[in-house]
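Notes follow the structure.
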Amino acid sequence: MKKGKRNITLRNSFIFLILVIGVSFWIVGKIIYLQLTTPEEAKENVSVRTETIKPKRGDIYSSDGKLLATSVCYYDTYLDLACQGVRAMTDSAFDAEIDSLSICLADLFREKTKDKYKSEIRNAKNNGSRSYCIKRRVNYLDYEKMRTFPFLRRGKYRAGFYSTEIFEREKPFGKLARRTIGESSEKGHYGLEFSYDSVLMGVEGYAAFQKVSKDVWVPIENSSDYVKPVDGKDLITTIDISLQDIAETELETQMRQSSAKYGTVVVMEVKTGKVRAMANLMRDSVNFYENFNYAVGNLSSGVASDPGSTFKIASVIVAMEDGYITPETMVKVGNGVDNYYGKTIRDSHTPDSTWLSVQRIIETSSNVGTARFVYDNYKHQQQKFVDGIKRLHLNEPLGIELKGEAVPVIHEPGSKQWSGISLPWMAYGYGISISPLQILAFYNAIANDGKLMRPMFVEGLSYRGEMVDTFEPYVIDQQICSHKTIEAVKKMLEGVVQHGTARNLRNENYPIAGKTGTAQMNYGKDGQKISYHASFVGYFPADDPQYSCIVSIYNPSEGSFYGNCWKCVPQDCRQDLLHRHQGRCQRAD
């Protein structure tokens, strides 16, 4: 008997051992299979995964607190009709609530009839659908209404109602300052959105998601695999939206009047370098739009072109600093025509006299006079003149926040581009390339008693309404030249408005100082029509400069193409800025 029991025990032990060995082989085989299976095959069997959660992108504000760009939340809404709460409902209770829900959905969205909604939802339930799409891209107000609808108000677990958030970038002021604000998306990469992308984008979070249908995943609440995303910081720009509006409106008006192809306006605070408005417009046969930042420029686009007569002040400063001229120095200009190495230089009009003072050369914008005093004093020391231009930082980019700033081109004696005509041409702004913003910064330094400021577009960063970082104005050079030269040049620029080529800007209310400029953009080769760009750059009030401004119109085809034909600083803009300066505006700067 004992022997029989022992045999049974041994037999059972042997069977158990076989089972253990078999299960072990099965487990090992399964592990090997999982290790060797393709990622695609494995993914099909995964029902839970970890995904990133996108943070809310930071907003962009004007200096006066108006919203320029924000991420608006939209909702893709779904029903999980295979959830436990729906399965527990009786058919009659389900039909009654879906009937009322269909009426509400048809009334809200007006895309389908109530019968269509009812039929789709019933069929989805019968098919055990876990992702019936009610409506995609629902705005916040409509989403809140949906949450109060019959059946949907039962929530996620009792009705299977869930949603996924989608953030889209929107600009409340439409096209206003669009190029400055920019994009950092599939639409393009430029402007402040691109330059401050890492600040605006925030930090991604992580969460566990469960698969409810083939292409739909929903977050698992209370999951341990959860890291909260950190929203992006908000940008506080230097842009004044009311001035921006005026600048764009006036630029479009003047471009219409002159039939110009494109143009730009920039308004900047003298003491700080804060850019209060920057407009860039291009036109086709019908519309005006912003497709490029002409103020900042890019050499490949041909926009950072010869500055023309606005550069003459740089020639004056260099020659005065070297002790070769004063405002009273007389220069022979003859009848306004001169020749260098077989090339003719002309003035746009016959001079007042065969001899002009340097002061009068600037007031009347004489090409011949400027080329003459530069050539006579630097023809045997051409590098010295170029070095003087470099001391004014006109050969350097400003280092602004916006990407794509053009690098100025100032040729050197001895280079391939240098020839006998280069020195006199450079004297009055030809044969070089400088963007409008770089020229404005130079004139802003004159208004600022020689202190060269970097143009700034962002004043600080905030997070949930609290300032977390403030950016201070940046001084590139404390003194680009002597105070004596600055004071002399200021009088020349005031003379341009009072007695010279910008007399149309003269008024009794407040003095303006500045310089007109005209540059030829091509030379009419191969049958092309010669094109120009006209500009004015200056500051006001001249006796206590608060704001500097540059305006450039490219390729005007109606009326005169000279800088003085353009009422460069828009009247409304001048009045608004003056009122702010005098303390009569509604808000304090």
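These values consider heavy atoms only, across backbone and side chains, with no hydrogens, waters or symmetry-generated copies.
- Under the 4.0 Å criterion applied to side-chain N and carboxylate O atoms, Arg276 and Glu459 are assigned as salt-bridge partners.
- In this structure the side chain of Thr354 never reaches within 4.5 angstrom of the side chain of Asn335, judged on heavy atoms.
- Between Asp322 and Arg391 there is a salt bridge, since a side-chain N of the basic residue sits under 4.0 Å from a carboxylate O of the acidic one.
- Applying the ring pair (Phe, Tyr, Trp, His ring centres under 6.0 Å) test to Tyr61 and every residue at least two apart in sequence or in another chain returns nothing.
- Residues Gln383 and Glu412 have side chains that bring a donor and an acceptor to within less than 3.5 angstrom of each other.
- Side-chain contact, Gln438 with Ser435: a donor N or O sits under 3.5 Å from an acceptor N or O.
- Ion pairing between a basic and an acidic side chain is recognised when a charged N comes within 4.0 Å of a carboxylate O; Lys175 and Glu252 show such pairing.
- Taking Trp355 as the reference, nothing meets the side-chain hydrogen bond (donor to acceptor under 3.5 Å, both in side chains) condition, with sequence neighbours excluded.
- Remark: Tyr190 pairs with no residue by the ring pair (Phe, Tyr, Trp, His ring centres under 6.0 Å) rule, at least two apart or across chains.
- Scanning for side-chain hydrogen bond (donor to acceptor under 3.5 Å, both in side chains) contacts around Glu321 gives Ser482, Thr485, with sequence neighbours left out.
- Contacts of Gln478 classified as side-chain hydrogen bond (donor to acceptor under 3.5 Å, both in side chains), with partners at least two apart in sequence or in another chain: none.
- By the ring pair (Phe, Tyr, Trp, His ring centres under 6.0 Å) test, His499 pairs with no residue at all, sequence neighbours left out.
- With sequence neighbours left out, the ring pair (Phe, Tyr, Trp, His ring centres under 6.0 Å) criterion links Tyr463 to no other residue.
- Contacts of Phe471 classified as side chain to side chain contact (heavy atoms under 4.5 Å, CB included), with partners at least two apart in sequence or in another chain: Tyr196, Met456, Val458, Leu461, Asp469.
- No donor-acceptor distance shorter than 3.5 angstrom exists from the side chain of Ser365 to the backbone of Ile362, with no hydrogens or angles considered.
- Under the 4.0 Å criterion applied to side-chain N and carboxylate O atoms, Glu193 and Lys403 are not assigned as salt-bridge partners.
- Salt bridge absent: Asp477 and Lys451 never bring a charged side-chain N and a carboxylate O closer than 4.0 Å.
- Legend: ring-ring contact (aromatic ring centres under 6.0 Å, His included) pairs involving residues 389-422, not counting sequence neighbours: none detected.
- Applying the side-chain hydrogen bond (donor to acceptor under 3.5 Å, both in side chains) rule to Glu363 yields the partners Gln359, Arg360; only residues at least two apart in sequence or on another chain are considered.
- Every residue two or more places apart in sequence or in another chain that forms a side chain to side chain contact (heavy atoms under 4.5 Å, CB included) with Asp347 is listed here: Pro351, Ser366, Asn367, Val368.
- By the side chain to side chain contact (heavy atoms under 4.5 Å, CB included) test, Ala371 is found to be paired with Tyr340, Ile345, Pro424, Tyr428, residues two or more places apart in sequence or in another chain being considered.
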